[in-house]
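When reading the values below, keep in mind they use all heavy atoms of this one structure, side chains included, and skip hydrogens, waters and symmetry mates.
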Amino acid sequence: MKQIKILTVLIVLFFVGVTSRDIYAGFLDGWNEQSTVTSQDMTVSLGVRTVDVRMCDSVYNASLQRMVQTAPDSLRVGVDMSDRDLIFSFAELPVAIFCIYALFCMVNLIMRVLRGKVFVPENVRAMRYFIYSMMVFGALKELQLYMYHVLAVSQIQPDGFVVQTYFLQYSWGLMLLLALFTEIFAVGVRIKEEQDLTV
Amino acid sequence: MPIIVNLDVMMARRKISLGELAERVGLTPANLSILKTGKAKAVRFSTLEAVCRELDCQPGDILEYASVED
């Protein structure tokens, strides 16, 4: 039980830290762009590879005591989104609300586990709500980011750079692993129920 | 569920209570109640043997199969 309490505290601290950092970074981005970006503009990060050496720069490395080459691997560019962003916002809102409910279910799961109720169907339900809502939300965000990428590539031709092909941004491996463990846990609960009802 | 448990019928015939039968069979009353109310998912042979011994009956007197169409 002590490990569960420690891990719960660490998870809460992690999420609070990441969320605070994102909120602060988003606020700063908006504050800094207020004078140059129109209401329909949006900045998108494009992964790039430098092909023109003139695009490279150099910085001094104190350990090596010489100049070393630097090259950007991403460019943040302004893109005209028009109303496309609104469509995704409407689709993501109900899913985001369900994700918040799923987080509430996870809190209840931890409370039940701390009370000693581990292998119960309610915990299986909570874990399923959590992981599958996160996966649906992640899929929508991936689609949105891919759309941004395609729009940016169609509007921007950065000289001296080759734009990298879009790749998945979220940790799908970890999410799939979590989904697998959830289903394994569900099988365990079913077996335990059968054992409990074996006379 | 197609398997019907008629334990309560046999208990009434033998005039034995749930608590007493549970004690003789070596189960808790709660566990035996699971069998009596038909909620059990499985029955061990050792339990079936003990129940039949105490109630002086055959397994078919306690367990009955009824197909879904019945």
Side-chain angles (χ1 to χ4, degrees), chain A residues 1-5 7-8 98 101-136 174-199, chain B:
Chain A
M1 291 300 181
K2 201 166 116 181
Q3 292 96 324
I4 292 175
K5 284 181 187 169
L7 283 170
T8 305
F98 192 77
Y101 171 70
L103 277 171
F104 172 74
C105 288
M106 286 302 284
V107 169
N108 281 342
L109 181 151
I110 290 166
M111 303 292 284
R112 274 193 293 268
V113 166
L114 290 174
R115 282 200 301 266
K117 289 165 82 174
V118 179
F119 296 102
V120 291
E122 292 84 10
N123 287 352
V124 173
R125 207 161 30 241
M127 287 172 75
R128 279 181 172 153
Y129 283 168
F130 177 74
I131 188 57
Y132 291 124
S133 63
M134 290 298 161
M135 286 173 79
V136 169
L174 281 175
M175 283 203 266
L176 287 169
L177 213 52
L178 200 54
L180 175 67
F181 288 150
T182 299
E183 294 308 319
I184 289 172
F185 184 76
V187 169
V189 169
R190 209 162 34 243
I191 289 172
K192 190 208 175 259
E193 263 189 346
E194 208 167 289
Q195 291 285 343
D196 285 347
L197 294 175
T198 294
V199 180
Chain B
M1 195 169 171
I3 299 293
I4 299 168
V5 179
N6 296 318
L7 184 63
D8 47 355
V9 173
M10 284 311 299
M11 281 168 61
R13 278 191 199 162
R14 300 289 184 257
K15 295 182 178 56
I16 185 171
S17 68
L18 184 78
E20 197 181 334
L21 180 61
E23 196 180 328
R24 287 190 197 176
V25 163
L27 293 177
T28 61
N31 236 5
L32 197 58
S33 174
I34 290 172
L35 179 63
K36 182 168 159 271
T37 54
K39 289 179 187 165
K41 296 268 185 216
V43 180
R44 294 189 184 91
F45 280 136
S46 56
T47 304
L48 191 58
E49 178 198 332
V51 169
C52 289
R53 183 186 66 232
E54 295 304 324
L55 293 178
D56 190 27
C57 64
Q58 293 293 314
D61 297 328
I62 301 171
L63 303 172
E64 180 191 334
Y65 172 76
S67 64
V68 181
E69 293 89 38
D70 291 353

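Ring pair A:Tyr101/A:Tyr129 is tilted by interplanar angle, where 30° to 60° counts as tilted.
If you measure heavy-atom distances from B:Leu35 to chain A, the contacts under 4.5 Å come from both the backbone and the side chain.
At a heavy-atom cut-off of under 4.5 Å, chain A is reached by no residue from residues 16-24 of chain B.
With A:Thr182 contributing its side chain and A:Leu178 its backbone, the two residues share a donor-acceptor pair below 3.5 Å. A:Asn123 places a side-chain N or O within donor-acceptor distance of the main-chain N or O of A:Lys117, the cut-off being under 3.5 Å. For the pair B:Thr47 (side chain) and A:Val199 (backbone), a donor-acceptor distance under 3.5 Å is present.
Comment: A:Glu183 engages A:Arg128 in a salt bridge, judged by a side-chain N to carboxylate O separation of less than 4.0 angstrom.
Around the CZ atom of A:Phe185, the shell of radius 6.0 Å holds more than 12 heavy atoms that belong to other residues, nucleotides or ligands.
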